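The next block holds one structure in the form of structure tokens; read it before the comments.
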Amino acid sequence: MNVAAERINPGELLAGKAIKEVREITALRNPPIADLSDLTAKKAIQKGKIITEDLSLPKPDRVKGEPIQLIYKDGDLIIEISAVAAGDAVQGKIFPVLNPINSKIVNARYLGNGRAQIYY
């Protein structure tokens, strides 16, 4: 299983920061992760800790501050505007987006390829 080779800070990629070790896992509350590629740390992980599902998140496609195409759909009406990600975006997940028209934060579902649809 994968064990942190050093302290891993939130948002850092897990690949390359872990080593394989044989450990007792009967007391673990969450399953260990075998493949660390494209995963980031959800919170700080101390050196020597077994990396489990609750400690990781998928690598975001867009990070806070990057441009996003924000889509609003209502029946046949479709409006697209350029907006800014106010949080990290992972495909299929809800994240905050800054609407530049009124400077308000709206929730949107990230569709991929820099596009998100308003979630309500």
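Given the structure is predicted, the values throughout are model-derived calculations rather than measurements.
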Asp88 and Lys64 have their tightest heavy-atom pair at OD1-N, 3.1 Å
Residues Ala85 and Val63: closest non-hydrogen pair is CB-O, 3.8 Å
### Query
Any chain of hydrophobic side-chain contacts (each under 4.5 Å) joining Leu77 to Ile71?
no
Less than 4.5 Å apart, any side-chain heavy atom of Asp54 and any of Lys42?
no
Rounded to the nearest 0.5 angstrom, the NZ-CZ distance for Lys49 and Arg7 is 12.5 Å
- request: Flag yes if Ile8 and Leu36 sit in one hydrophobic cluster, no otherwise; membership is Ile, Leu, Val, Met, Phe, Trp, Tyr, and two members link when side-chain heavy atoms are under 4.5 Å apart.
  value: yes
Just by modelled atom types, is the Arg115 backbone N or O under 3.5 Å from a matching donor or acceptor in the Asn113 side chain?
no
Is the closest side-chain donor-acceptor distance between Glu12 and Thr40 under 3.5 Å? no
d(Tyr72 OH, Gln117 CD) to nearest 0.5 Å is 10.0 Å
Distance col, row Ile19:CD1 vs Lys47:NZ, nearest 0.5 angstrom, shows 8.0 Å
Closest heavy-atom pair, Pro100 versus Ser82, reported as atoms and distance to 0.1 Å, is CG-O, 3.0 Å
All heavy atoms of Ser37 vs all of Ala15, minimum pair found to be CA-CB, 4.4 Å
Rounded to the nearest 0.5 Å, the CZ atom of Phe95 sits from the CG atom of Asn107 at a distance of 9.5 Å
inquiry  = I'd like to know if Ile25 and Ile33 are part of one continuous hydrophobic network [Ile/Leu/Val/Met/Phe/Trp/Tyr, side-chain heavy atoms within less than 4.5 Å].
reply    = no
Between Leu14 and the options Leu57, Ile45, Asn2, the side-chain contact (heavy atoms from CB on, under 4.5 Å) test singles out Ile45
**Connected via hydrophobic side-chain network under 4.5 Å: Tyr110 and Ile81** = yes
In terms of heavy-atom contacts, does NZ of Lys20 have more than 12 from other residues, nucleotides or ligands at under 6.0 Å? yes
task: May I ask you to test the Lys17-Glu6 pair for a side-chain heavy-atom distance under 4.5 Å?
output: yes
Interatomic distance, CD@Glu53 vs CZ@Arg29, rounded to 0.5 Å, equals 15.5 Å
- Task: Flag yes if Ile101 and Leu70 sit in one hydrophobic cluster, no otherwise; membership is Ile, Leu, Val, Met, Phe, Trp, Tyr, and two members link when side-chain heavy atoms are under 4.5 Å apart.
- Result: yes
Of Thr52, Leu55, Ile51, Ile50, the one forming a side-chain contact (heavy atoms from CB on, under 4.5 Å) with Asn30 is Thr52
Nearest heavy-atom approach of Ile105 to Pro96 is CG2-CB, 3.6 Å
Note: Met1 and Pro32 closest approach over all heavy atoms is CB-CB, 4.4 Å
Would Arg23 and Val3 count as a side chain to side chain contact (heavy atoms under 4.5 Å, CB included) here? Give the steps.
CA-CA 9 Å; Arg23 294 264 187 103; Val3 176; 3.5 Å; yes
Output yes when a side-chain donor or acceptor of Gln91 lies under 3.5 Å from a complementary backbone atom of Leu111, and no otherwise. yes
For this session: Would you check if the side chain of Arg109 reaches a backbone N or O of Ile94 as a donor-acceptor pair within less than 3.5 Å?
Result: no
(request) Report yes or no: does Asp61 contribute a side-chain atom to a donor-acceptor pair with the main-chain N or O of Val90 at less than 3.5 Å? (result) no
